[in-house]
Structure formats: structure tokens, C-alpha cells
Amino acid sequence: MADRITYVGLDVHKESIVVAVASGDLRGEVREYGRIANTPTALDRLLRKLGGDGVSLRFCYEAGPCGYGIQRHVSAQGHECVVVAPSLIPRRTGDRIKTDRRDAASLAKLHRAGELTAVWVPDAWHEAMRDLVRARLDAVHSLRRARQQLSGFLLRQGRHYGRPAWTKLHRRWLAGLNFEQAVHHIVLEDYIAAVEAAETRRDRLTTQIEAMLPDWTLAPVVSALQTMRGMALVNAATLIAELGDLSRFANPRQLMAYLGLVPSEHSSGASVKRGGITKTGNGAARRLLIEAAWSYRFPARISRELLLRQENQPKPIRDIAWKGQVRLCARYRKLARTGKPANVVTTAIARELAGFVWAIARRVTVTPG
């Protein structure tokens, strides 16, 4: 006799988990199990009660702030557990009631019907690397905010620096400013200290990324991506930390769609209407690719810095990088000549850049950790 399958939906919260159970039959009952504590001990007790001879458990819960700890714990016990994308869960239009019990029951029922889309779950080391690059992104945002606050203060006081800011000359100019009110000097020094602290934090985290990279299983992919313009070490490491192993995408179009870089569409019958990009998927990776795409507005060339990054890479990877640079630079000029807005042109270049990123990643052999 084949093993019986039980589908378990989990509505996960910080301190508790609401559980619903659905039998394997598509028309079988879906019943509420109850609320348990969000602890490994309570999960083990749940596995013992629901499992048994000839029973196969299949768990699911929504991706959220509680991370992947439950998935790893349940999988380590030999049971299937998927983390599903909340934005892709089917919902009825007229449903206006939302409770934890209904959410758990809906997850169990949809998982049984195969209507849920699972997200890629990184291993513990990859998740740690992702947390590190995200901490650096937070530091960059803090630095930008601190600089804007300082610039706003100077603007209110009528102080203007007509040359490129945030250089050593700019710092000396700041030190030479005089104000009528003595308290403004205190405010200036406090804003300067905030900027310097944010710069120190950003640089410290950048150094940590460089130090941790050699021990990462995806480090060869990061090195290979640095052969492309706009993909220095931190950018490449951040992109791979956000996207993970690109071999899970069968073709570059899947990667472009995952990044939300494909146009939206609303078509019916003979009417075909396409709009802006969908902006689904990983926003940090999409933003990074768009920032890298700006560098292709200049003519194709291999700079000294880029040449140093390419030295230890095999010729097939360097050929793909050069082919991509020639195509994207020409593509940028062609689209710009048509009069399209710069942000539209850059987004189109970012979409094609994702295809070359996929092509290079497929050329690299990754050793499982």
C-alpha cells in the first residue's frame, strides 16, 4: 500500500504557529489542529503526533520575517517542507475575512492542490552571506541619509559648495565654515560625525565581505561576474547573495521575469497592451542591475581596473563579458537616439545584462558545500 500523504499548513508568528491539516484526498477534509509554540520542542511534538507508520507529511508556510528556521528543522527530521511566496498565493476576490485559522487551512488546501509557488531556500552559510551584504546596503543607505541631512543643514544656512562633494577638499571646506550662531558649529560637527561614522561602518562591512568571500561555495561565480563592466567585487557578491545559484533558472528569460524586469501586459482578444516592468521578485538585485546598467552609456572598452579583474578568468568567460559589453553599449546608444527617457533605456539594458549574467554563471562549476 502506498504511503498516505498529509498536508500541513502553518501560519507562523513570532511566538506561535497555527496548524491546519488536510488529508491526501483532493476532496478530503481540512481540519484545524490548533496553536502551538514557535519552538523546536513544540515542532518535534507536532511531528510525532501527525506522523506515523505509512504517513508522509508535507508542510508549507509563507515566507516572512521568521526566516527559514522552521523549514530547516522540519527537513532535518525527514519531512518535506516548502516556503511559499505570499504574493503568489491564490486569493478569492470576495474574501474579506482573514484569521490565522483560515490562513493555515487555506495553505494546507492549496498545497494539496499544487497551487502554491515555493521560494528558493538558501543554506545557512548562504543566508549568513546574504545578511552580511544586506547589512552593508543598510550602511550605504544610512550614509546617504546622513549626507543628505548635512547638505540640508548647509542649504538652510546658505552655504553652497560648487565642486564635487564628499572629498578631502570638501571636508576642509566644511572645517572652515563660520556661522553667526555658535550652536550651529555644534550642529555641523554632529552631522559630520554622523557621516564619518556611517562611512566607517560601510567600509568595515565591505572588508568583511572581502574576507568571507573565499570560503563561500559561490565565490567562483562572483569572481566570474567581475569580468563584466559595472560588476566589481561588492556588486557581484551582493547580486549572487540575493539570487543564489543561478543554475535553477532554465533560461535567461526566467531570470529576467524573476527580477521583475519584463514588461507587464494586459491583453484581451485582438488588444495587446504592455506597460512598465512588473517589479516582482528580488528588488535589491533588480536595483543593483539597473545601477550597473548606467555604466554602459560610455563606449565599450576594457579599463585597467577591469583588465585586472579579468586576469585569472578563462577565455570563454572573458569572451562573454566582452560580447555583452559591445552589445549593451551599442544598444544603449541606439535606444538613447530614439528619444526614450534615460530610465527606460537603462532598465532595458539591465534586462539584457541579466541574460549575460546568467550565461556567465552557467559557465562556472560550483562545488557543493
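With values rounded to the nearest 0.5 angstrom, R297 atom CZ is found 8.0 Å from S295 atom OG. Separation of atoms CZ (R102) and CG (L107) is listed at 13.0 Å; rounding is to 0.5 Å. Atom CG of residue L43 and atom CD1 of residue I36 lie 5.0 Å apart, to the nearest 0.5 angstrom.
With hydrogens and angles ignored, the 3.5 Å screen pairs a side-chain donor or acceptor of R286 with a backbone N or O of L259. The closest donor-acceptor contact from the side chain of R101 to the backbone of K98 lies at 3.5 Å or more, if one exists at all. The closest donor-acceptor contact from the side chain of W358 to the backbone of F249 lies under 3.5 Å.
With hydrophobic clusters built from ILVMFWY side chains whose heavy atoms lie under 4.5 angstrom apart, V234 shares a cluster with V133. Taken together through direct or relayed side-chain contacts under 4.5 Å among Ile, Leu, Val, Met, Phe, Trp and Tyr, V84 and V21 form parts of separate hydrophobic clusters.
The environment of R363 atom CZ is sparse: at most 12 non-hydrogen atoms of other residues, nucleotides or ligands sit within 6.0 angstrom. Sparse packing is recorded around CG of N312, with 12 or fewer heavy atoms of other residues, nucleotides or ligands lying under 6.0 Å away.
Side-chain rings of Y332 and Y296 stay apart, their centers remaining 6.0 Å or farther from each other.
Stacking of R229 on the aromatic ring of F298 is not recorded, the 6.0 Å distance cut-off and the 45° axial limit not both being met.
Ring planes of W173 and Y161: tilted class, angle from 30 to 60°. Ring geometry for F153 against H184 counts as perpendicular: the plane angle is over 60°, on a 0 to 90° scale with 30° as the lower cut.
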I would like to know whether S267 and E265 meet side chain to side chain donor-acceptor pair (under 3.5 Å); could you show each step before the answer?
-> CA-CA 6 Å; S267 302; E265 182 174 348; 2.8 Å; yes

